[in-house]
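Each remark here refers to the structure printed beneath this line.
In what follows, every chain begins at residue 1, and chains take the letters A, B, ... in the order their sequences are listed.
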There are 2 protein chains.
Amino acid sequence: MLESLNIALPTIDQTRPIAPQLHRRLRERIIRNELRANQKISESEIAEQYGVSRQPVREAFIRLAEESLVAILPQRGTRVRPIALSAVRDARFIREAIEADIVTLLAQRPDPLWLAELRRLLDEQRHIAATHPQAFIAADEDFHRTLSSAAGKSGIWQRVQGLKSQMDRVRFLSLERFDVFKLVVQHEAIVDGIAIGDPAAAESAMRLHLREILKDLPIIATENPDVFDEPSEDVEDRVIHFQGGERS
Amino acid sequence: MLESLNIALPTIDQTRPIAPQLHRRLRERIIRNELRANQKISESEIAEQYGVSRQPVREAFIRLAEESLVAILPQRGTRVRPIALSAVRDARFIREAIEADIVTLLAQRPDPLWLAELRRLLDEQRHIAATHPQAFIAADEDFHRTLSSAAGKSGIWQRVQGLKSQMDRVRFLSLERFDVFKLVVQHEAIVDGIAIGDPAAAESAMRLHLREILKDLPIIATENPDVFDEPSEDVEDRVIHFQGGERS
DNA sequence: CCTACCATACTGCCATACAAGCTTGGAAGG
DNA sequence: CCTTCCAAGCTTGTATGGCAGTATGGTAGG
């Protein structure tokens, strides 16, 4: 019955492998909350929507299940997993640990060329923040990915991508919420720490930055109770207490 | 033609989902280097070996490909991926970052109960090191997993498991190589740092511990050139230079 | 002897059919 | 009215057939 609408949503390129395309599209739809939490999605249903057979859909489901984006219950069905606060906090913790080490590395051997690139990204961010704040997420991704590359750890970023799914879902829910200018200032503090070769300053700036989401998390969870699977318990996440602020 | 041999290798339980079982078995065979690097394995070949159809084999391959254990080349074949030194180093870097933060956390709030458990594990390790050194890997896993649990981050360990595949392959190759007693001593240093509530000491002890593999890596790579895909280039891995040794 | 080409066998990918388990709704019995 | 049970229609899991693209080995032509 939806066949007339199929031409509306981006279609599938039949000449290239279908399963990965489906994986990307479905992943996107889940993160954008277009496929809502706890919604049941069957293989045959999705197969009809995209005009393909069940098999590639099934393979896409397997990948989504590995990212904890869907839950496959044998003989019972497949549903979109609600966001687990614990998973978000775990992902955030991992990310903080990794990126803290990355900027420490960078501050120990500041590279003028990479610093110039980072400064350029900061300018870009200021511009975007003033004009297209909704495009800031992409710029933020660029910034953090560039930090990884600068440290010679570009492979790291790809590996962490899989863990970021849950964080991305939260970010989408809080699109207009966060103060983009504040984030740019935090980015600047990180770059400054690297530039003056102060690892401790760069590290603490990064840790502060990545803890921003912890403040909004309970709010977002209570505002969107149907998307989360825990009733926003007030368990405080244990974070490292570090000394040495941005001046040290 | 291998049908008569099938009863030899652990068979498949036909009553439970087959694909996950195949995934585990194949993963194990790759890590144990039973399926050697660059060896071609086709869906139909494996399907015959285990007496199942090609479909569940295919799904197992997909999972293995996500862990970078196999490479699927469309219409060309599937082969066991050789170990990429860069992937091992990336996984090690991530693990160091995470576990450094975990022990920092623990040292900030030492918990007598968990410390007792850790001490017990250390005793166990000393015993195993003296009697069944080949069983040390499992004990080592226990130790690190317990640290995660003690920090209230048990979810973290599971998430990192996927990244550990490549490290596990290396560890299997260097089974008798490493000095288990030295590793136990390093474990003790970590626990001591936690016990006296010195985050810096615990952190540096952990970082030192997880850098052990970096020393052996080039040796292992040159000793098993056919298992690695890079000719053991002497690119030094950038690691954080931290101050404050085990005494600070 | 060397090169270009083509037939063949093999691969992974997709579609389809079949099997087995679970949910659900309604009917039968109390 | 409530409970029990069963059957139809879901679901995912597995098996099988066909397709398109690729490596390979032999052959015809130079």
Would you call A/R92-A/E96 a salt bridge at under 4.0 Å N-O?
yes
Integer-rounded Å distance: D/dT14 P and B/E59 CD:
7 Å
Is the shortest distance from a Lys or Arg side-chain nitrogen in B/E59 or A/R58 to a carboxylate oxygen in the other one below 4.0 Å?
yes
d(CD, B/Q21; C1', D/dG13) in whole Å:
12 Å
Reckon B/S53 has a side-chain N or O less than 4.0 Å from the OP1 or OP2 of D/dA15?
yes
To the nearest 0.5 Å, how far apart are CG in A/L118 and NE2 in A/H187?
10.5 Å
Sidechain-backbone polar pair: A/Q21 side chain, A/D13 backbone, donor-acceptor under 3.5 Å
yes
Measure from the side-chain N and O atoms of B/R159 to the backbone N and O of A/L163, and report whether any donor-acceptor pair falls under 3.5 Å.
no
Judged by each residue's nearest nucleotide on DNA chain C, which is more toward the 5′ side, B/F61 or A/P56?
B/F61
d(CZ, B/R58; C1', D/dG13) in whole Å:
15 Å
If you count heavy atoms of other groups shown closer than 6.0 angstrom to CZ of B/R211, is the number above 12?
yes
Can you tell me how far C1' of D/dT11 sits from CZ of A/R54, to the nearest Å?
8 Å
Distance under 4.0 Å to a non-hydrogen atom of chain A counts as contact; along DNA chain C, which nucleotides mark the start and end?
C/dC14 to C/dT23
Tell me, which of residues 70-84 of chain B have any heavy atom that sits under 4.0 Å from an atom in DNA chain D?
B/Q75, B/R76
Interatomic distance, B/E48 CD vs D/dA15 P [rounded to whole Å]:
13 Å
May I ask you to say whether B/R120 pairs ionically with B/E124, meaning some side-chain N is under 4.0 Å from a carboxylate O?
yes
Heavy atoms only, 4.0 Å cut-off, all strands: where does A/I62 land among base, sugar-phosphate and nothing?
nothing
Over 12 foreign heavy atoms within 6.0 Å of CD, B/Q158
no
Taking atom P of D/dA15 as reference, at what distance in whole Å does atom CD of B/E43 sit?
13 Å
At 4.0 Å (heavy atoms only), tell me whether A/I41 reaches a base, stays on the sugar-phosphate, or touches nothing.
sugar-phosphate
Can B/R171 and B/D140 be counted as an ion pair, charged N to O under 4.0 angstrom?
yes
